[in-house]
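In what follows, chains carry the letters A, B, and so on, assigned in the order in which the sequence lines appear, proteins first and then strands, with residues in each chain numbered from 1.
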Amino acid sequence: MTWSATARGAHQPDNTAFTQQRLPAWQPLLSASITLPLFFCAGLAFIGLGLGLYYSSNGIKELEYDYTGDPGTGNCSVCAAAGQGRAPPPRCSCAWYFSLPEFFQGPVYLYYELTNFYQNNRRYGVSRDDAQLSGLQSALHHPVNDCYPYQYSAAGLPIAPCGAIANSLFNDSFSLWHQRLPGGPYVEVPLDRTGIAWWTDYHVKFRNPPLVNGSLALAFLGTAPPPSWHRPVYELSPDPNNTGFINQDFVVWMRTAALPTFRKLYARIRQGNYSAGLPRGTYRVNITYNYPVRVFGGHKLINFSSISWMGGKNPFLGIAYLVVGSLCILTGFVMLVVYIRYQDQNDDDEDDE
Amino acid sequence: MDCTLVRTLVHRYCAGEEDCVDSRTVYVGHREPPPGAEAYIPHRCPDNRIVSSKYTFWNFIPKNLFEQFRRIANFYFLIIFLVQLIIDTPTSPVTSGLPLFFVITVTAIKQGYEDWLRHKADSAVNQCPVHFVQHGRLVRKQSRKLRVGDIVMVKEDETFPCDLIFLSSSRADGTCHVTTASLDGESSHKTHYAVQDTKGFHTEEDIDSLHATIECERPQPDLYKFVGRINVYSDLNDPVVRPLGSENLLLRGAALKNTEKIFGVAVYTGMETKMALNYQSKSQKRSAVEKSMNVFLIVYLCILISKALINTVMKYVWQSEPFRDEPWYNQKTEAERQRNLLLRAFTDFLAFMVLFNYIIPVSMYVTVEMQKFLGSYFITWDEEMFDEETGEGPLVNTSDLNEELGQVEYVFTDKTGTLTENNMEFKECCVEGHVYVPHAVCNGQVLPAAAAIDMIDTSPGAGGREREELFFRAVCLCHTVQVKDDAEVDGPRKSPDSGKRCAYISSSPDEVALVEGIQRLGFTYLRLKENYMELRNRDNDIERFELLEILSFDSVRRRMSVIVKSATGEIYLFCKGADSSIFPRVVEGKVDQIRSRVERNAVEGLRTLCVAYKRLMQEEYEGIYKLLQAARVALHDRERKLAEAYEQIEKDLILLGATAVEDRLQEKAADTIEALQKAGIKVWVLTGDKMETAAAACYACRLFRRNTQLLEVTTKRLEEQSLHDVLCELSKTVLHRSASLTRDSFSGLSADMQDYGLIIDGAALSLIMKPCEDGSSSHYRELFLDICRNCSAVLCCRMAPLQKAQNVCFIFPQFLYQFFCGFSQQTLYDTAYLTLYNISFTSLPILLHSLTEQHVSMDTLKRDPALYRDIAKNALLRWRVFIYWTFLGVFDALVFFFGAYFMFENTTVTSNGQVFGNWTFGTLVFTVMVFTVTLKLALDTHYWTWINHFVIWGSLLFYVIFSLLWGGIIWPFLSYQRMYYVFIRMLSSGPAWLAIVLLVAVSLLPDVLKKVLCRQLWPSATERVQRSSSRRAPADAAPSPDRPLLMDPEPRPRRE
């Protein structure tokens, strides 16, 4: 009456290794004699790796400046004060001067950093339309509801690009000037604004809508720019390969950060005399100060960093490897002691059996 | 067909009211009773369809869904799914809907398949042909068409299609033999009796002319109870009323033996048969593993709720600063702003619940169920459990309790037939103190050249000789043995010297042994013919006794009697029974001599019976007849009334003598018991034998050993002391001597501690009201079952906490992430990962682990049953273990999350300076987690077959390939493309690789450390055996390259 009654009756069961559960098997045993060398080897390897990582990270140089403009912190405080409580803030420029006593080994990357900015907030993170950003005509005019309240403009036009992320696009800009000799003229250091976004994002994921009569502006006809933007999306850059949805600043911004303090790549310095790094001398960074962060207690920073094979400066990995490696060695010794101390006893036990 | 269906349906729904009637009336052959008879309320009874299936084609989906959602976990996921559909939640409904759908589908398929098999079995049963008698002719019909009142013919070796009242048999004496092996497991033949007044109806025509009604109680599940009454009408006389008892009832499922054919009338059909009623009343069994799983589930539910509460509260604390609640870059909609605060908080709470709901693994039940389902196949396949003799392998009736086989603590065993072979051999008899020993005689087997009678102490006087012959006659007559038909039983025709003996059949092998033994001593029971019992005495004369009454055996009285009338007209009552039930009723005879002999035999482990008699006057007999008849016709309380009558009749006996029968131990019974004891299983033997007999058997099967301290709770002892004192004393002895052995004072058995054996007899037992008897054993097949299976049982237990730990470290990073994303319920992992984590990345290795893992090889386990103790009592699923796994899960989650956090904090990890976003962060955590969890399982696997390799490394590979594919294509059906190239970009970064290696190593470190240290410092018996077996046979553990690396003090000196 039960299922297995019919499944297998009075037949002799199959005599296979599988059904009899006698498949040949490797039966490893985690005994001290196996794990001890493992621990020592792993420990040594980890310490070696850790040392390498640590020195590698130490070789990376960073130069950072907070230009939020808290009162009394340089000339950006003027802009900060001017923008206080006004939306949109007036156009304002400020500058940061620094001097390099020695050669800043390249290639040098320019980052901006925001703190206390929750790009990973769920409501914020979903407020985008990937279909629209991939250039889909229908999505361009009918953004998804997730974009609300940045879905349609007050006039009822669809916003392109829609959503909170696009609306809050970081819009400060920087230019770097180098004064080779004291009192000499400032020469603009060329900033390469391309190649800052993921190749796949720039080439595949983000696409402009098809041009209308060869014009991107016409393609965006009937859409409104996000409310915080000063210009429409097709005027983000004069370069036709860097405007609209495929503007690299925009693409970088749209990859939302994991943590409330984050850095985003602004430019690479790799042209002319500066490809190898920044030579000694005085520098000035001209900052167009637009982006309001003080209202939510955030800070804006600008950051020059050189890059090695392991990326930017990050002592954590090296230290972690060193710690774990030492732990391995330490526990290895503990186990060795235990092993030697209790070995005989266990053997006796076994003989007793 | 349609009509029957409708009828059945109507019945099923109306059955409730009809059941109120106490008894039912059956018209035999559907003939209405004559008009003069009492008016009976007609009853509607179901047809003979057996329905063991749960579902039909139409109700499968709704009913199965309903059943499945009654399970807490499934219901919980349904709620989560609905919440996801209704409110705005961080994860899409797919993440819980899809796994739920998967789980429900898998379970439904399994249950559907099982039900399909049941349907098949049902229809096979329902359609098998049955012979009906209709209008005096035999008609073949399908079994399901049988109805109450139909007259049925059953042939030899067929099973009865429904519960029948036995009307007549092809045997002249109106008896038939039946085995009820499929009902209660008793394979011996039982004798049933046809109704006196109908046993003459031998042909179809005869039986069709029968005009009778049967009154009987309504269907009851008790197999051994039946009370009814038959009214046989004849044209001339008043109706004859006859009592019907269970000896007249042939149960569905039993098989007819040794009888050519019988006629019977159906009284209970279909689902009302006793078999079906027993089948129905089976409640669903839940294993201890499942029970503890449910408890842990509730614990996790509490953790989940507290997590969600903490986060909700934190969210509102954190949001109290307005710029955090709604910064300019992330404005709310008007509707959101105006929503009621409480409502918002509640929605947030639900959203957090949804976010963390994966802490309860949806697939856990499915994994467990699949494990059980497949595991039961391994049991079925097990060759070691295959019995060559019967050609039968193990049969798994329910897969619900597989793992309990590893948790057996007590084995209750019957002595007779289980411990012993149930192959009785007559040893001796003792008449008036004289002992007679016949030569080897075996039940059912004729041993030639053993005709001589050995008489010890043969000096009976004249009166002695008379007593002696009376004794032999008593043994010869006082039984219910049947003579097998095949030997032509025509006594006189058979030459007495031919050596041909009658083959006897009885439900009790003791009786057969006795009758055969007496045959050796010169008195041969020939047959029962027309109510006359015939026997041949020593002088080869045939003696005929009229059988007047049989006071059948029951286990309460522990005796039986016959009343016979000799040819000379003397009426005797012969009574045979256990000494304890005979001696008190004896008024005369050499009681002391016989008692001492009985006790001596009992100590030797022989089964003893005492025989007594009493002469009855004709008047006395008539009184007895009336008494019995009154009790037998009673519809109510018949049992009690009969017992009272018997009590009254069987008294003032004269003791004749005693018999001793040996029941040899089963082959390997002793080994089995020893193994069970080593495994820490307590064995309790239940027996109806004398205490001394039982104790002797216990010594013989090594249940009691020389050093076992016997504790007795017997009537004898209770006469000296009060029950309370005895019990106190006992518990003091046991508890004091082994303080550590606090389990149960009733039979602690261990190798190095003092053993205790408890003997308790029925009288003392009823005083204590505790169901138990003296400690001890079982069939060797059960041993195989236990031992062979306990490996897989272990796994199954350990799977649950492991899988839960997996889910702790799966979901805890999500919890931590809330602290870094403004408590906005942002998920850390992508939808696909959330969905697939439980159903594909981690479930298959767990399932396989649970199926194929063997900590110790089967042979080792069989050699050393003590290993069983390591896993008994659900040792691997205790709270300590559970908490350990949970904390380990939390630790791992901390490692994963903060490892990734410090990696990503404020820096870039690519060599081209580009930055990663939140999805890369989550993917890194997830990757580390999948690897860690799988490697932990690998670390826990002791038995690596190619399947394990395949599944463990395969599931890692599957994860990688899936991630590559998932991120490698813009999936047109997705509204998000957030995972696009995330995984591939992560792998292109060197530090990400280094971080994965580091974090996996850190999370595995405590596991390795714990394993090694525990193994070294506090090795369990299992681990010791593992080590010694790997040391003993390094050859079969083929690749162990690490072995010679370091000191292995044993082999080294030999090498040098």
Problem set entry | Residues B:V915, A:R255; criterion side-chain contact (heavy atoms from CB on, under 4.5 Å); working and verdict | CA-CA 9 Å; B:V915 288; A:R255 180 154 291 281; over 6 Å; no
For this session: Under the side-chain contact (heavy atoms from CB on, under 4.5 Å) rule, what do A:M335 and B:L1013 come out as? Steps first, then yes or no, please.
Result: CA-CA 7 Å; A:M335 284 200 299; B:L1013 284 183; 4.0 Å; yes
Exercise. Is there a side-chain contact (heavy atoms from CB on, under 4.5 Å) between B:Y981 and A:V204 once you walk through the steps?
Worked result: CA-CA 10 Å; B:Y981 260 70; A:V204 184; over 6 Å; no
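Across B:F323 and A:V295, no two heavy atoms sit closer than the pair CB-O, 3.2 Å. Across all non-hydrogen atoms, the minimal contact from A:K205 to B:I970 is CA-CD1, 4.2 Å.
Using the six-membered ring where Trp is involved, A:F296 and B:W328 have ring planes that are tilted, between 30° and 60° apart.
Contact count against chain B (heavy-atom pairs under 4.5 Å) is highest for A:T256 among A:V324, A:L49, A:T256, A:I307.
Counting only heavy atoms from C-beta outward, the side chains of B:L1005 and A:F39 approach each other to under 4.5 Å.
Checked by atom type and distance alone, the side chain of A:N120 pairs as donor or acceptor with a backbone atom of B:F820 at under 3.5 Å.
Summarising the geometry, atom CZ belonging to A:F316 is positioned 6.5 Å from atom CG belonging to B:L998; distances are rounded to the nearest 0.5 Å. In this structure, CZ in A:R122 is found 4.5 Å from CG in B:D88, a value given to the nearest 0.5 Å. Here A:K264 contributes atom NZ and B:T908 contributes atom OG1; the two are 11.0 Å apart, rounded to the nearest 0.5 Å.
Contacts between A:A42 and chain B at a heavy-atom distance below 4.5 Å are absent for every atom of the residue. Contact of A:N303 with chain B is not made at all, since no heavy-atom distance falls under 4.5 Å. When heavy atoms are compared at a cutoff of 4.5 Å, B:I947 approaches chain A solely by way of its side chain, counted from C-beta outward. For A:Y111, the part sitting under 4.5 Å from any heavy atom of chain B is the side chain, from C-beta outward, and nothing else.
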